[in-house]
Amino acid sequence: MTAVAIYARYSSDMQREASIEDQIRLCRERSEREGWQIFDCYKDRGISGASLMRPAVQMLLGDARAGRFQVVLAESLDRLSRDQEDIAHIYKRFGFEGIKIVTLSEGEVNELHIGLKGTMGALYLKDLADKTRRGLRGRVEAGKSGGGKAYGYDVVRAVDHNGDSIHGERRINPSEARIVERIFRDYADGVSPRTLVHQLNAEGIPGPSGKGWGPSTIHGNRQRGTGILNNELYIGRLVWNRLRYVKDPETGKRISRLNDQADWIIQDVAELRIIDQDLWDRVKARQGALTTKTPKPGEAAFWDRRRPRYLFSGLITCGVCGGGAATWNRNVIGCVNRRNKGTCDNGLTIKREDLEALVLDGLEKHLMDPEHTRVFCEHYTKTMNRLVAEHNAGLEASRSELERIDRQLDKLVEALMNGVPAARVKDKMQALEDRKVALEQERDSGKQMPVSLHPNLSAYYREQIGELRSALQDESKRAQAAEAIRALIDKIELVPTRLEDGTEVLAVDLHGKLAEILTMALKSPKPLKDGDPVVECTKLVAGVGFEPTTFRL
């Protein structure tokens, strides 16, 4: 029986929770009429179709790669995506896996639907954006909010004489306004944003998000007008269209870009002023003094500087709060949330050179322990033999079915030549051809056999780690060696641990990346990745607690 996956989504153009259930109900009815068996229902609630960065659609693509269904059913093609590139990618991906896309609106989807509907979806998004911006501009030119909440103000809910909602009205929130004044006053008096954050968090004062404060919430970016200290609304000046947002095609995330100042819309809203001009000017003067210092010869300007890139920067996390861990100064590493916000109890630190030595030793001596690896390879070989047998049995069944389909097609062609009307055999021939294509794709994709593991796997791996450690001492090779070592690590977790004598120290949990470690150990000519047979089989054999990619140092 044909297995079908149902996909449903609603977003800003369809803000109704029941919409999801309506879509699924209609798709279930269609499945019953077709005699399809429903594998699962995938739901994205309140998420735009302009990006593929949606949980349910990513699960759908993952299950498609695993061959868990033969048909994807949705209300319409734009439920899957409104982006031209994304919908083409989905169609190609499903086509490669032999999966059909069927929608209630368009029927079975083909290349023509992808071209036309993709273009229509893109035009819809652009038209929606243009109309939204026109409406927001008119609201701003009337002195009202152009969207978004600002700390220190409440959104006013009101209706006009016709009973229609009035949007864009704000009023000063007295308690939050006092915090804003305090931040401006203390900063102008020389208090740093980090010190302010510690004070506010220690007093339990909620930040703009309702959670704790962070330094960037206060200092923001002066040029872009972000952060408490740069919000001109506090001096009764409403600035709109300072930034525009574009989608990064690689990640699907929105990235801000600064617009030309000539395109900014500025309105005076004196009734919303919280900070007097003298205090505002004192803050701007201090900011200017910090950002306009003349750099020394050979030194980058303040805004062009980059933090030194240490060997494991960006890979270290706190085992208590889950936040990042980084250098507190040049030599000591600790929890960033503890240092910047004071919201984490993990105040323990470790010297950077000690951490680097521990992690390098762990990579070389612990992640691929020889005895564990020998036992692991034995289990892997047994599992591999079983999987190969199952794999070959599946291929044999596919070959038999292909031969049977070819015989049936030959008979139908012969029937046509003998005068049988084409209308009587057209649908049967098309179904057989579609099944033949799917089987051929399955056969071709199944030709790659899993890689065998050698008992000396750990020796190969440790030898190469040793070579990389040596390369770190060579300035000409250091950058490349560091990149290769970082690629092996998923994360380094710093966990407070109490010793038998009562002393608290930081234990280091090292989490390796299995695919990259196997690539190095196997001396693979091309990088392995999740989904490769050797990686998936290794995960199956290892299981929890036996996978050779985690270790406490």
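Between Arg170 and Leu238 the shortest side-chain heavy-atom distance falls below 4.5 Å. The shortest distance between side-chain heavy atoms of Leu73 and Ser31 falls below 4.5 Å. Put simply, the side chain of Arg25 does not reach to within 4.5 Å of the side chain of Glu21, judged on heavy atoms. The shortest side-chain heavy-atom distance between Val72 and Ile90 does not fall under the 4.5 Å cut-off. In this structure, the side chains of Met429 and Val413 come closer than 4.5 Å at one or more pairs of heavy atoms. Contact of the Trp36 side chain with the Val102 side chain is registered, since non-hydrogen atoms from C-beta on lie closer than 4.5 Å. Two residues are said to be in side-chain contact when any heavy atoms from C-beta on lie closer than 4.5 Å; Ser81 and Arg9 fail this criterion. The closest side-chain heavy-atom distance from Phe94 to Leu61 is below 4.5 Å.
For the atom pair Leu412 CG and Glu433 CD, the distance stands at 9.5 Å (nearest 0.5 Å). Note that the CZ atom of Arg79 and the OG1 atom of Thr103 stand 11.5 Å from one another [nearest 0.5 Å]. A distance of 6.5 Å separates CD1 of Ile101 from CG of Leu77, quoted to the nearest 0.5 Å. The CD atom of Gln408 lies 11.5 Å from the CZ atom of Arg435; values are rounded to the nearest 0.5 Å. For the atom pair Lys411 NZ and Lys428 NZ, the distance stands at 11.0 Å (nearest 0.5 Å). Here the straight-line distance linking atom CG of Leu104 with atom CD of Glu29 works out to 9.5 Å at 0.5 Å rounding.
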Go through Glu34 and Thr2 one step at a time and tell me if the side chain to side chain contact (heavy atoms under 4.5 Å, CB included) criterion holds. CA-CA 9 Å; Glu34 298 290 345; Thr2 300; over 6 Å; no
Go through the steps for Asp40 and Arg68 under the test salt bridge (Lys or Arg N to Asp or Glu O under 4.0 Å), then give the verdict. CA-CA 10 Å; Asp40 203 354; Arg68 292 181 174 136; over 6 Å; no
Take Arg28 and Glu32 through the salt bridge (Lys or Arg N to Asp or Glu O under 4.0 Å) test and state the conclusion after the steps. CA-CA 6 Å; Arg28 284 185 181 277; Glu32 290 175 3; over 6 Å; no
Steps toward side chain to side chain contact (heavy atoms under 4.5 Å, CB included) verdict (Asn230, Asn221): CA-CA 7 Å; Asn230 303 305; Asn221 183 297; 5.6 Å; no
Before giving the answer on side chain to side chain contact (heavy atoms under 4.5 Å, CB included), spell out for Val359 and Leu315 the whole-Å C-alpha distance, their side-chain angles and the decisive distance to 0.1 Å. CA-CA 11 Å; Val359 173; Leu315 297 174; over 6 Å; no
Determine, step by step, whether Val57 and Tyr42 satisfy the side chain to side chain contact (heavy atoms under 4.5 Å, CB included) criterion, reporting the C-alpha distance in whole Å, the side-chain angles of both residues, the deciding distance to 0.1 Å, and the verdict. CA-CA 7 Å; Val57 86; Tyr42 302 78; over 6 Å; no
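The existence of a salt bridge linking Asp406 and Lys436 is confirmed by a sub-4.0 Å separation between a basic side-chain nitrogen and an acidic carboxylate oxygen.
Of all the heavy atoms in Phe69 and Asp63, the pair that sits closest is CE2-CB, 3.7 Å. Of all heavy-atom pairs between Gly323 and Asn337, the closest is CA-ND2, 3.9 Å. Across all non-hydrogen atoms, the minimal contact from Asn110 to Tyr91 is CA-OH, 3.5 Å. Listed here is the closest heavy atom pair of Ala74 and Cys27: C-SG, 3.9 Å. The two residues Lys43 and Ala56 come nearest to each other via the heavy atoms O-CB, 3.3 Å.
Side-chain polar atoms of Tyr151 and Asn231 form no donor-acceptor pair below 3.5 angstrom.
Applying the 6.0 Å contact sphere to CD of Gln223 captures no more than 12 heavy atoms from other residues, nucleotides or ligands.
Arg486 contributes a side-chain N or O that, together with a main-chain N or O of Ser313, makes up a donor-acceptor pair within less than 3.5 Å. Side chain of Gln70 to main chain of Ala3: a donor-acceptor pair is present (N/O by atom type, distance under 3.5 Å, no hydrogens or angles).
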